[in-house]
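Remarks on the structure that follows.
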Amino acid sequence: MSENQEQQQRRAATKSAFSDEFSFSSVFSGNMAFQEFSRPENMKPIKDCNMQSSCRLSSLELLTNYGNGFKKLRFSKYVGSDGGDGTDERGGSQKKLSAEEIMRVTGARYIQLSDMRYDDFSMIMHPFGHALSGLSDDETKDVELVHLLLTATEKVGYEQFERASRLLSRCEWIASERASPVQRIVYYFAEGLRERIDKGMGRIIAKEPEMIFKTGIENGLNTNLISVRIHEYVPFFQVTQFMGIQAIIENVASASKIHIIDLELRSGVQWTGLMQALAEREIHHVEILKITAVGFVGNEKIAETGKRLESVAASFKLPFSFIAVYVEDMEDIKEELFKIGNDESLVVFCPLVLRTMISIPTCLENLMRVMKNLNPTIVIVIEIEANHNSPSFVNRFIEALFFYSTFFDCLDTCLEHEGELRAEVESVLCNGIRNIVATEGKERVVRSVKLEVWSAFFARFRMTELGFSESSLYQGSLVIKQFPSAASYCTLDKCGKSVIVGWKGTPVQSVSAWKFSRDRGRVFGNYRF
């Protein structure tokens with residue numbers, strides 16, 4: 001029996017079991033979900049004596065931080081921004097909340113019961129006063145669905161798997177991968193949570209890290225058609241890449257021999273702009289541009305991409321050389337693999353790749369030592385700006401839930417008329433969600449961390465930050481304008497010398513430029529992955 005058939009059978013069994021016990025026709029009636037689970041007047045709040053209060057406080061603090069970000073947004077942007085009648089500038093009805101905003105409302109709602117613990121279902125149906133006022137019926141249902149998911153997650157955090165399973169069954173009943181963005185997000189997170197529960201109850205055995213994370217979008221390690229097409233519609237990738245390339249152009253302005261080590265080539269389309277800029281130089285004509293692409297053994301697409309780049313270079317009459325370096329594992333990278341000339345200006349390009357090695361520190365540290373010894377002129381680092389590596393499962397779940405809500409919101413906007421592509425992209429992203437939620441140890445390979453952590457880590461290898469010129473920032477803003485559907489929502493913010501690209505102010509990706517210092521002094525960063 002296939003995995004999909006097993007899931008379908010489990011869902012059918014769940015529906016059958018709960019249809020016998022409860023009337024789901026009224027599950028979302030009125031303004032509160034699960035009204036049939038009314039709390040008797042004489043029932044007192046239940047306190048869980050087994051709770052680890054410090055973990056709970058940490059998780060509630062996260063929800064508070066996210067929830068606070070919504071307080072002004074809801075009433076200034078959606079309720080009265082046009083004069084207080086709750087309509088948008090076009091005179092239509094009140095704007096629908098995005099998936100990420102629904103998560104913030106739910107976070108604020110969840111905090112309202114942080115001081116008292118009710119039994120599972122009476123907590124879900126609790127009348128939250130003004131927390132849900134002003135929301136449409138659909139938005140209220142979405143908030144209640146996410147609240148249910150968070151409640152199940154908290155139970156999993158305390159290893160109360162039976163209680164979590166009962167709560168999650170209701171999520172699985174309601175959520176769908178083909179419904180609203182919030183339901184799709186809940187659907188994918190519920191899948192990961194179900195797998196974690198099954199592991200916790202001994203129903204399935206943890207697997208070795210899957211090969212899909214060497215080719216999936218979520219790990220930034222792919223050259224497939226989905227990756228190429230998503231670049232056409234979603235701005236983050238192009239913004240960070242073009243800013244990085246502008247910084248490269250400026251840092252090799254006087255070099256005639258340029259060598260680029262690309263740790264994740266993908267389609268290679270980003271290098272066509274660099275080629276054109278180098279070909280149009282009026283001084284310091286380029287004698288040779290080399291690109292060395294690093295990939296895993298068996299990745300034939302790297303050679304195909306190399307041939308396309310050779311054709312592009314020929315069209316610009318630019319001297320060009322392409323080299324593919326194949327390794328079984330990033331720990332196999334050695335200086336000898338890269339043929340660097342003494343008179344070549346070396347560039348290292350790291351797009352969404354360093355985080356894939358956090359789960360195996362020896363690989364990451366080996367790569368950094370090799371790069372340091374090669375002494376590049378500039379190192380461009382593009383990473384996901386999120387913390388998906390918290391040792392606390394519940395904290396990690398919350399961080400991931402808000403991040404992917406933002407990303408799904410972006411996909412819903414940018415791919416509004418490309419439903420099939422959006423579904424394909426989300427089906428790949430769900431692998432990352434599953435890995436973050438369902439796995440631990442070496443099996444958990446999706447481990448994004450924020451800029452401050454990377455900065456501390458780079459300091460260990462005596463790296464100093466270069467920053468970006470006004471030209472680079474301008475280049476990034478121009479790229480955003482090429483995406484009409486996203487131009488009003490995609491944001492650029494400086495964080496020290498780095499730049500963060502976000503969606504409606506929520507960070508999504510970061511781009512930073514570095515070099516290795518030749519200073520022999522002892523420099524150690526205080527970092528923790």
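Note that the structure is predicted; figures quoted are calculated from it, not measured.
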Within a strict 4.5 Å, meaning less than it, do heavy atoms of the [X] and [Y] side chains meet?
{"X": "Glu465", "Y": "Ser512", "result": "yes"}
{"X": "Val446", "Y": "Asn389", "result": "no"}
{"X": "Ile302", "Y": "Tyr326", "result": "yes"}
{"X": "Met368", "Y": "Arg460", "result": "no"}
{"X": "Asp493", "Y": "Val499", "result": "no"}
{"X": "Tyr188", "Y": "Phe408", "result": "yes"}

Could you grab the distance from atom [atom1] of [X] to atom [atom2] of [Y], nearest 0.5 Å is fine?
{"X": "Ile185", "Y": "Leu145", "atom1": "CD1", "atom2": "CG", "answer": "10.5 Å"}
{"X": "Ser405", "Y": "Leu401", "atom1": "OG", "atom2": "CG", "answer": "4.5 Å"}
{"X": "Lys442", "Y": "Ser359", "atom1": "NZ", "atom2": "OG", "answer": "8.5 Å"}
{"X": "Leu492", "Y": "Ile500", "atom1": "CG", "atom2": "CD1", "answer": "10.5 Å"}

**Message:** Distance alone, cut at 3.5 Å: any donor-acceptor contact between the side chains of Thr362 and Glu331?
**Reply:**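 Yes, Glu331 and Thr362 have a side-chain donor paired with an acceptor closer than 3.5 Å.
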
**Message:** Checking Ser98 against Glu101: is there a side-chain donor and acceptor pair closer than 3.5 Å?
**Reply:**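 A donor-acceptor contact under 3.5 Å links the two side chains.
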
Is it the case that the side chain of [X] and the backbone of [Y] share a donor-acceptor pair, with hydrogens and angles ignored and the cut-off at 3.5 Å?
{"X": "Asn299", "Y": "Phe296", "answer": "no"}
{"X": "Lys199", "Y": "Ala438", "answer": "yes"}
{"X": "Ser498", "Y": "Lys494", "answer": "no"}
{"X": "Gln509", "Y": "Glu385", "answer": "no"}

**Message:** For Trp503 and Phe407, I'd like to know if the aromatic rings sit close, meaning centre-to-centre distance below 6.0 Å.
**Reply:**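 Not under 6.0 Å, so no.
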
**Asked** Can the ring centres of Phe189 and Phe397 be said to be less than 6.0 Å apart?
**Response**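 So the answer is yes for these two rings.
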
**Message:** Looking at every non-hydrogen atom in both residues, tell me the closest pair between Val353 and Glu383 and how far apart they are.
**Reply:**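 So the minimum-distance heavy-atom pair works out to N-OE2, 3.6 Å.
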
**Message:** Looking at every heavy atom in both Lys155 and Arg163, which two are closest together, and how far apart are they?
**Reply:**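 Closest pair (atom of Lys155, atom of Arg163, distance): NZ-NH2, 3.4 Å.
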
**Request:** Step by step, work out the salt bridge (Lys or Arg N to Asp or Glu O under 4.0 Å) result for Glu440 and Arg196.
**Result:** CA-CA 10 Å; Glu440 293 292 350; Arg196 190 179 185 94; 2.9 Å; yes

Answer yes when [X] and [Y] have at least one side-chain N-carboxylate O distance shorter than 4.0 Å, and no when they do not.
{"X": "Glu172", "Y": "Arg194", "result": "yes"}
{"X": "Glu100", "Y": "Lys504", "result": "no"}
{"X": "Arg434", "Y": "Glu191", "result": "no"}

**Request:** Look at the aromatic rings of His147 and Tyr110 and report parallel, tilted or perpendicular, splitting at 30° and 60°.
**Result:**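 Correct class here is tilted.
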
**Item:** Test log, rule salt bridge (Lys or Arg N to Asp or Glu O under 4.0 Å), inputs Asp412 and Lys96
**Value:** CA-CA 13 Å; Asp412 226 47; Lys96 182 177 176 62; over 6 Å; no

